[in-house]
Enquirer: 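Next up is a structure, given as structure tokens.
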Amino acid sequence: MNVKWYWNRLRAMSREEILWRIAQKKLELAERKTFGKQHSMVTAGVFDPEKESLRFHEDRLPVAEGSGPAGKAGSVKGRMPGSITLLGGYTYADYKKDWHAGFQTRNRWPLVFSYDLPYKQRDEIGDARTNWELNRHMQFALLAWGYLQSGEAALLTELWELFQDWNANNPFLQGIAWTSVMEVAIRDINWIYTLGFLRRAQSKYANVSGQTETKADAGVEIEAFCKLLQNGIINMTDYIASHFSRYSSANNHVIVEAAAMGMAGLVMDCEIWYETAFSILQYEIGRQNYSDGVNREVSLHYQSFFMEAVGLLALTIKVNKMRIPQSWRNTLCKMSRYVSDCRGAYGETVVFGDDDEGKILDLQGKTWEKKRDHYAYVLQLMGLVLPERYTDTVTDQTLLAIVPENIRRGMTAKPCYKKHRNVCYEEGGVSLLRSRDKRVLIGIDHGELGFGSIAAHGHADALSFQMYLEGEPVFADAGTYIYHIDGESRNWFRSTQNHNTITIDGKNQSEMLGAFLWGRRAQTRLVGHNLETVNAADGRETEICRDDFYVEAEHDGYDPVIHRRKFVSDGTSCLKIYDSLLEVETETDYGLHFLLGNGCTLTEKAFGCYEILTSKGSSLRIRIEAPQAVISIRDAWVSGEYGLRSGTKQIRANGKTSRDVTLVTTIEWEDGNAV
């Protein structure tokens, strides 16, 4: 047991949180008496007698009428409709029934009572997050949707076999699949959609006598299957209702949990569920976001994950002809504008902080070859439920499958937010710069480390920047790579030295106390800028036309030394970065770091001057002016996908100073508008 970690974690808790956790332990003791030794399938029956009368109403769940997207009807056969993408590059076919797989090792998660199963830093087994992806059951909803579209019995048979196998091998509250309430919530939503698709398939393929016909004999009694799914949804939702994440753990987890309970409440007509979910979200949506639309996790991925959860519930509310609360609409509009601003003309997206590629519903899987763009999907979803849209059309497979045609048609009449701006989100702490020809996108982090007392998903990247040229990362973010094993790598990818900023004496700006726990934090301050801003009071943006743009900020992570950084862009072909080390009192070692995208090659042209060539053949130059610094090229890593990493290069300028100093970096590229 890591006593130091527990002590640091306890220090991060308030008195109220400690009392709540004690109450949760009492609840767990009661559940242990009932389910600890008794291996009950979650589908065996309804655990709470008061919920036995609940019934699933498929007409209350958003599902598109007809046969799905144009050109795809009837084409699911032979295109692996049940094959999902697993994290870390693992092949679904190799693991489809290996529910307890460790993935990173040959070992497997033990089938023990879930409260007795520690899953963090289990290097001898594997990364729990990788395993959870399989147990979210997106493949269930995908197979059910494929069956609804085609009537192919093989799809129904595959789904039934997976369903039976999972239930037999994952009793309620036994094993890795039950160790996280949020994971139960994601599985709950996928079961809801699985049941919704099967109910519609019953109607679609029913003959005059009321029996279900398919293109082949599936050998599956759909009504009995649906009953089991209904039992499981009721039991999982009831479990969520008793175990909501709260206090320092109440980040994106509680949003997903409430969304699942709200959706279940609407489709099951359970008032207590959806009223409780609405109440939680009414509080949490405001608490977890800055007023300018940036999520307090300071991670764009977790922002889009949050938005997907609320968006799926909002779509369900809309289909049930209920009103989406105005406060949700206001916040989601601002959040959508921020995500839109983080995207470039080539589909690239500036992402700071953790990114574990989390998603809730995916009816694309590996059916179509192109990798799914979660940010595009979420912006399309937001355009369907909000009074403005962020894309021209709906192209995501999931939305084409679940959004009724009348709602899709209505989106095109809404005003479209399509500004590609030079903008500063002052409160959220992110600025976006782009060249006039849209070939270059630059993101700058000058915000807080992360959300709440533990800042779980933050990286030590204050004043770091990312730069894309024609959609390709040139100066890259290191990424996330892994969560629950290989603690050294977890720390490496979120450390200061592996972001495009400055270190002092080789230290991190903020103190790592655990894989999702931070101690002392760098405090940032926005010194000034001349970009457009979002007015937090009314959401309106300023309009600024300039020939050049600047952003200046500082942080105290190396107290007493202050790192102040100023970015100046001419908007066409040049970015200058001025790094000032202030209040230097003794001899200080500094390191200036530039991490390259893994598709780039580097050529030294002169001392401190390098040419960078992208895989598309575009080039830029970087020149570093750092008095008496040693400039070197080192091997490094970037992680573009969770669980995967690839080699790249990093430029480092290391020097010493005993007084205040300013380093100047000039980055130049070709102006695409030049004749």
Enquirer: Do the side-chain N and O atoms of Q288 and N295 include a donor-acceptor pair separated by under 3.5 angstrom?
Expert: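 Note: Q288 and N295 side chains miss the donor-acceptor criterion.
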
Enquirer: Do you know which two heavy atoms are closest between L644 and S639, and how far apart they sit?
Expert: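 Minimum heavy-atom contact is O-OG, 2.6 Å.
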
Enquirer: If the threshold is 4.0 Å, N to carboxylate O, is there a salt bridge linking E470 and K616?
Expert: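 Looking at E470 and K616, the cut-off is not met.
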
Enquirer: Can we call the ring centroids of W132 and Y119 under 6.0 Å apart?
Expert: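 Yes.
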
Enquirer: Decide yes or no for T501 and Q509: does some side-chain heavy atom of the first lie under 4.5 Å from some side-chain heavy atom of the second?
Expert: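 Yes, side chains in contact.
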
Enquirer: Kindly determine whether H529 and E552 satisfy side chain to side chain contact (heavy atoms under 4.5 Å, CB included), including the steps that lead there.
Expert: CA-CA 6 Å; H529 69 90; E552 187 172 15; over 6 Å; no

Enquirer: Is there a donor-acceptor pair under 3.5 Å between the side chain of D579 and the backbone N or O of T662?
Expert: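 Checked: no pair found.
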
Enquirer: Evaluate side chain to side chain contact (heavy atoms under 4.5 Å, CB included) for M182 paired with N252, printing each intermediate quantity in order.
Expert: CA-CA 9 Å; M182 185 184 73; N252 59 81; 3.7 Å; yes

Enquirer: Nearest 0.5 angstrom please: R634 CZ to L595 CG, how far?
Expert: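 Going from CZ on R634 over to CG on L595, the span is 13.0 Å.
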
Enquirer: Does the ring center of F465 lie less than 6.0 Å from the ring center of F567?
Expert: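 Under 6.0 Å, so yes.
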
Enquirer: Whether the Q650 and R652 side chains hold a donor-acceptor pair (N or O, under 3.5 Å, no angle test) is what I'd like checked.
Expert: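 A pair is found: one side chain offers a donor N or O, the other an acceptor, under 3.5 Å apart.
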
Enquirer: Measure from the side-chain N and O atoms of E488 to the backbone N and O of D486, and report whether any donor-acceptor pair falls under 3.5 Å.
Expert: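 Side chain of E488 to backbone of D486, a donor-acceptor pair under 3.5 Å: no, none is there.
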
Enquirer: Establish, from distance only, whether the side-chain atoms of E427 and S291 form a donor-acceptor pair under 3.5 Å.
Expert: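 The answer is yes; a qualifying pair exists.
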
Enquirer: Angle class for the Y642/Y483 ring planes (parallel below 30°, perpendicular above 60°, tilted otherwise)?
Expert: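 Correct class here is perpendicular.
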
Enquirer: Taking the six-membered ring of Y590, is the NZ or CZ of K656 close enough (under 6.0 Å from the centre) and on axis enough (within 45°)?
Expert: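 The answer is no; the distance or angle limit is not met.
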
Enquirer: Using every non-hydrogen atom in the two residues, find where Y390 and E388 come nearest and quote the distance to one decimal.
Expert: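 Smallest interatomic distance, heavy atoms only, reads OH-OE2, 2.8 Å.
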
Enquirer: So, W328 versus Q282: side-chain donor-acceptor pair below 3.5 Å or not?
Expert: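 Q282 and W328 do have a side-chain donor-acceptor pair below 3.5 Å.
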
Enquirer: Can a donor-acceptor pair be found, under 3.5 Å and without considering hydrogens, that links the side chain of E511 to the backbone of G519?
Expert: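 No, the answer is negative, given that no donor and acceptor are paired below the 3.5 Å cut-off.
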
Enquirer: In the structure I gave you, are the side-chain heavy atoms of I651 and L602 within less than 4.5 Å of one another anywhere?
Expert: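 Yes, their side chains come closer than 4.5 Å.
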
Enquirer: Is it the case that T349 and R343 place a side-chain donor and acceptor less than 3.5 Å from each other?
Expert: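 Distance-only check passes for T349 and R343.
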
Enquirer: Does the side chain to side chain contact (heavy atoms under 4.5 Å, CB included) test come out yes or no for L620 and V440, once each step is laid out?
Expert: CA-CA 11 Å; L620 54 75; V440 170; over 6 Å; no

Enquirer: Does D373 use its side chain to pair, donor to acceptor, with the backbone of A376 at less than 3.5 Å?
Expert: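 At least one qualifying donor-acceptor pair exists.
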
Enquirer: Is it true that N498 and S495 share a donor-acceptor pair across their side chains at a distance under 3.5 Å?
Expert: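 Checked: S495/N498 side chains pair up, N/O donor to acceptor below 3.5 Å.
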
Enquirer: With a 4.5 Å cut-off on side-chain heavy atoms, are V430 and I444 touching?
Expert: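 No; the side chains remain at least 4.5 Å from each other.
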
Enquirer: Starting at CZ of R645, measure out to CH2 of W492 and round the result to the nearest 0.5 Å.
Expert: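 Between R645 CZ and W492 CH2, I get 8.5 Å after rounding to 0.5 Å.
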
Enquirer: How long is the straight-line distance from OG of S573 back to CZ of R436, given to the nearest 0.5 Å?
Expert: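 The distance works out to 10.0 Å.
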
Enquirer: Taking the six-membered ring of W518 (Phe, Tyr or Trp), confirm whether the NZ or CZ of R494 is under 6.0 Å from its centre and within 45° of its axis.
Expert: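 The answer is yes; both the distance and angle limits are met.
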
Enquirer: Let me confirm one number: the CZ-CG distance from R337 to D292, rounded to the nearest 0.5 Å.
Expert: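 Result: 12.5 Å between the selected atoms.
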
Enquirer: State, without any angle test, whether N500 and H593 hold a side-chain donor-acceptor pair at a distance under 3.5 Å.
Expert: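 Not at all, the side chains of N500 and H593 share no donor-acceptor pair under 3.5 Å.
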
Enquirer: Under 3.5 Å, is there a donor-acceptor pair between the D341 and Y417 side chains?
Expert: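 Yes, a side-chain donor-acceptor pair sits under 3.5 Å.
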
Enquirer: Sub-3.5 Å donor-acceptor pair from the side chain of D556 to the main-chain atoms of Q523, do we have one?
Expert: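 It does hold such a pair.
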
Enquirer: Would you kindly say whether Y302 and N251 are connected by a side-chain donor-acceptor distance under 3.5 Å?
Expert: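 No, no side-chain donor-acceptor contact under 3.5 Å.
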
Enquirer: Around atom NZ of K438, are there more than 12 heavy atoms of other residues, nucleotides or ligands at under 6.0 Å?
Expert: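 Buried by this count: over 12 neighbours within 6.0 Å.
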
Enquirer: Between the main-chain N or O of K507 and the side-chain N or O of D505, is there a donor-acceptor pair closer than 3.5 Å?
Expert: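 No, the answer is negative, given that no donor and acceptor are paired below the 3.5 Å cut-off.
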
Enquirer: Say whether N598 and S646, considering side chains only, have a donor N or O and an acceptor N or O under 3.5 Å apart.
Expert: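 Judged by distance alone, the side chains do pair up.
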
Enquirer: Measure from NZ or CZ of R490 to the centre of the six-membered ring of Y481, then state whether that distance is under 6.0 Å and the direction lies within 45° of the axis.
Expert: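 Pair R490/Y481 does not count as cation-pi.
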
Enquirer: Under a 3.5 Å cutoff, is there a donor and acceptor pairing between the side chains of T130 and Q104?
Expert: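 Result is yes, a qualifying pair exists.
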
Enquirer: Can you list the steps and then say if D461 with T496 is a side chain to side chain contact (heavy atoms under 4.5 Å, CB included)?
Expert: CA-CA 6 Å; D461 58 356; T496 303; over 6 Å; no

Enquirer: When you compare the side chain of T603 with that of L613, does any pair of heavy atoms fall below 4.5 Å?
Expert: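 Result no, sub-4.5 Å side-chain heavy-atom pair not found.
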
Enquirer: Donor-acceptor pair, distance only, cut-off 3.5 Å: does the side chain of D123 make one with the backbone of I485?
Expert: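 No, because the side chain of D123 does not come within donor-acceptor range (under 3.5 Å) of the backbone of I485.
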
Enquirer: Of the non-hydrogen atoms in H374 and F305, which two are nearest, and what is the gap between them?
Expert: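 It is CE1-N, 4.0 Å.
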
Enquirer: Any non-hydrogen side-chain atom of M307 less than 4.5 Å from a side-chain atom of S336?
Expert: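 They are in contact (side-chain heavy atoms under 4.5 Å apart), so the answer is yes.
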
Enquirer: Going by heavy atoms in the side chains, are V568 and F549 under 4.5 Å from each other?
Expert: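 They are not in side-chain contact.
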
Enquirer: Please check: side-chain N/O of N289 versus main-chain N/O of G293, any donor-acceptor pairing under 3.5 Å?
Expert: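 No; zero donor-acceptor contacts below 3.5 Å.
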
Enquirer: For a quick test of your reading: what N or O donor-acceptor pairs under 3.5 Å do the side chains of residues 445-452 make, sequence neighbours left out?
Expert:
from	atom 1	to	atom 2	distance (Å)
D445	OD1	G447	N	3.0
H446	NE2	S431	OG	2.8

Enquirer: Can a cation-pi geometry be assigned to R372 and Y377, taking NZ or CZ under 6.0 Å from the six-membered ring centre and within 45° of the ring axis?
Expert: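 Ring-cation test returns yes.
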
Enquirer: Distance-only, no hydrogens or angles: does the T657 side chain make a donor-acceptor pair with backbone N or O of R659 under 3.5 Å?
Expert: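 Looks like yes, one N/O pair under 3.5 Å.
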
Enquirer: Does the side chain of Y558 come within less than 4.5 Å of L581's, by heavy atoms?
Expert: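 A side-chain contact under 4.5 Å is absent here.
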
Enquirer: Under a 4.0 Å threshold between the charged nitrogen and the carboxylate oxygen, would D635 count as salt-bridged to K649?
Expert: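 Yes, charged N to carboxylate O under 4.0 Å.
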
Enquirer: Got a second to check how far I280's CD1 is from E257's CD, nearest 0.5 Å?
Expert: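 If I round to the nearest 0.5 Å, the distance is 8.5 Å.
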
Enquirer: I'd like to know if the side chain of S304 and the backbone of Y375 have a donor-acceptor N/O pair within less than 3.5 Å.
Expert: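 Judged by distance alone, no pair lies under 3.5 Å.
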
Enquirer: How close do D354 and H301 get, heavy atom to heavy atom, and via which atoms?
Expert: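 Closest approach of D354 to H301: O-CB, 3.8 Å.
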
Enquirer: Please state whether the rings of H484 and F516 are parallel, tilted or perpendicular, taking 30° and 60° as the class boundaries.
Expert: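 If you compare the ring of H484 with that of F516, the planes turn out tilted.
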
Enquirer: For E670 and R439, work out which heavy atoms get closest and say how close.
Expert: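 In this case the closest contact between E670 and R439 is O-NH1, 2.6 Å.
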
Enquirer: Is it the case that D437 and S435 place a side-chain donor and acceptor less than 3.5 Å from each other?
Expert: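 Short answer, yes.
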
Enquirer: Apply the test salt bridge (charged side-chain N to carboxylate O under 4.0 Å, His left out) to residues E668 and R621: give CA-CA distance (whole Å), side-chain angles for both, the deciding distance (0.1 Å), then the verdict.
Expert: CA-CA 5 Å; E668 296 176 300; R621 290 202 178 200; over 6 Å; no

Enquirer: I need the T666 OG1 to I577 CD1 distance, nearest 0.5 Å.
Expert: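 The OG1 atom of T666 sits 9.0 Å away from the CD1 atom of I577.
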
Enquirer: For residues W669 and M467, determine if any side-chain heavy atom of one lies less than 4.5 Å from a side-chain heavy atom of the other.
Expert: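 SC-SC contact between W669 and M467 confirmed.
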
Enquirer: Kindly give the heavy-atom pair with the smallest separation between E554 and L463, and that separation in Å.
Expert: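 Closest heavy-atom pair between E554 and L463: CA-CD1, 3.9 Å.
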
